[in-house]
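Below, chains carry the letters A, B, ... as their sequence lines are ordered, and counting in each starts from 1.
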Amino acid sequence: MALKSVFSRKTLAPALRHYRSVTTFTLPDLPYDYGALEPAISGEIMRLHHQKHHQTYVTNYNKALEQLDAAVSKGDAKGVVQLQSALKFNGGGHVNHSIFWQNLKPISEGGGEPPHGVLGWAIDKDFGSLEALVKKINSEGAALQGSGWVWLALDKEQKILKVETTPNQDPLVTKGASLVPLLGIDVWEHAYYLQYKNVRPDYLTNIWKVINWKYASEVYEKESA
Amino acid sequence: MALLRSIAIPSNKTPTLARTARSLTTATLPPLPYSYDALEPVISSEIMMLHHQKHHQTYVTNYNSALELLHTAMDKGDVSAVIGLQSAVKFNGGGHINHSIFWKNLRPVNAGESEPPHKKLGWQIDADFGSFNALISKMNAEGAALQGSGWVWLAFDKEFNRLKVETTANQDPLVTKGATLVPLLGIDVWEHAYYLQYKNVKVEYLKNIWKVINWEYAGEVYEKEAQ
């Protein structure tokens, strides 16, 4: 009889309890030295960007996740909703910067080498040429008001490449559920100010020297299969 | 008769297209009321120079461009273009407005220690926030928590006759948060306002800027608007 009450669903209903554990995140290592992208991006910027900015997004995202877990456990709907801003901002910051470090590569390791193969052809098809794509990304990045990102995206549904921008730390998916980020360029001032000051267009012109087209091609080939 | 008439009234225009002559008043970069190094060591002269000569100047230049284009679009009756220009007008016009206020919100270090406001504004701060320090804490907290670029404001709400702390995103002026809000103080929390000196540590910038805040100006605006 005692066994029955232990196994009986009645003891669990109506509040169905699930056991969750919070998976926390860690700052990914940079795949190259802080100074490896010079002179396109200074070592000082890379170090602050990685160790301070990205780390802070990770720390604050983990904090928000713990608070979310507690709010969900308590059935605190208001608390859950209030946490969405912190989750989007810090989670987005973590997602975006994790992609960004992969989008960059030292020149000595192939950074800046134009895309070949299927991505190269797709760029020509959808933008006319690589130069046209770069021009469009630079122009959208320069025109972005405030902080944000400019993306080269694959629209998996329409099977077409697109240039998109997102404000603040909004990840690319906020612009469309079928969008896959191939390349993202951070145009927050912290990404370039120490070196380029107010001249964002110079940062955009120079970053192409260290763009990792190989990574973009890998993602493109995997997602367009 | 016919000659005069064709000059005075364009004959190819229908009467429904009323033509009025508008003039265009362009904006100019206001001079700083102090030298670029006058706020050291709170805000470096390098930051002040870039902030004024590059950032604010660019807002002025681009606002004027947007105004010219707006003028043309209005002349042509091009509604799409008029609407399409609103983003540039808000961003650059807002940038000009906000920074024009900001330079007046700051005062040189050698003008003596920045004293908390006395008299009417001081009393209103105590009434609405409990204490001067409580107001500072609140503004610093909101400024630190602002996601992305923007401003944190001490505002006077003319309708409710009370002070408020507000934030605006990017270069949105304070009025976008409420038509009855008057800016007394604005603190720029865009990264360009502090990064060269404070790097990622926005909170240090916010802590220090109070040393150079011009409460006299805030008091003047308050007393004028609070009648």
Counting only heavy atoms from other residues, nucleotides and ligands, does the tally under 6.0 Å from [atom1] of [X] exceed 12?
X: Lys90(B); atom1: NZ; answer: no
X: Asn110(B); atom1: CG; answer: yes
X: Lys104(B); atom1: NZ; answer: no
X: Lys207(B); atom1: NZ; answer: no
X: Lys214(A); atom1: NZ; answer: no

Pair Leu194(A)-Lys199(B), side chain to side chain contact (heavy atoms under 4.5 Å, CB included): steps then yes or no
CA-CA 9 Å; Leu194(A) 289 178; Lys199(B) 309 295 191 298; 3.9 Å; yes
Return all side-chain donor-acceptor pairs below 3.5 angstrom for residues 140-149 of chain A, not counting sequence neighbours, or 'none' if the list is empty.
residue, atom, partner, partner atom, Å
Glu140(A), OE2, Lys136(A), NZ, 3.4
Gln145(A), NE2, Ser87(B), O, 3.4
Gln145(A), NE2, Ser87(B), OG, 3.0
Ser147(A), OG, Ser149(B), OG, 2.6
Trp149(A), NE1, Gln169(A), OE1, 2.9

Heavy atoms under 4.5 Å from chain B: which residues of residues 40-54 of chain A carry them?
Glu44(A), Leu48(A), Lys52(A), His53(A)
Using non-hydrogen atoms only, which part of Glu46(B) is less than 4.5 Å away from chain A: side chain, backbone, both, or neither?
side chain
With sequence neighbours excluded, residues passing side chain to side chain donor-acceptor pair (under 3.5 Å) with Trp153(B):
Thr168(B)
With rounding to the nearest 0.5 angstrom, report the OH to NE2 distance, Tyr195(B) to His190(A).
6.5 Å
Partners meeting salt bridge (Lys or Arg N to Asp or Glu O under 4.0 Å) with Lys105(A) (sequence neighbours left out):
Glu109(A)
Part of Thr56(A) within contact of chain B (heavy atom distance under 4.5 Å)
neither
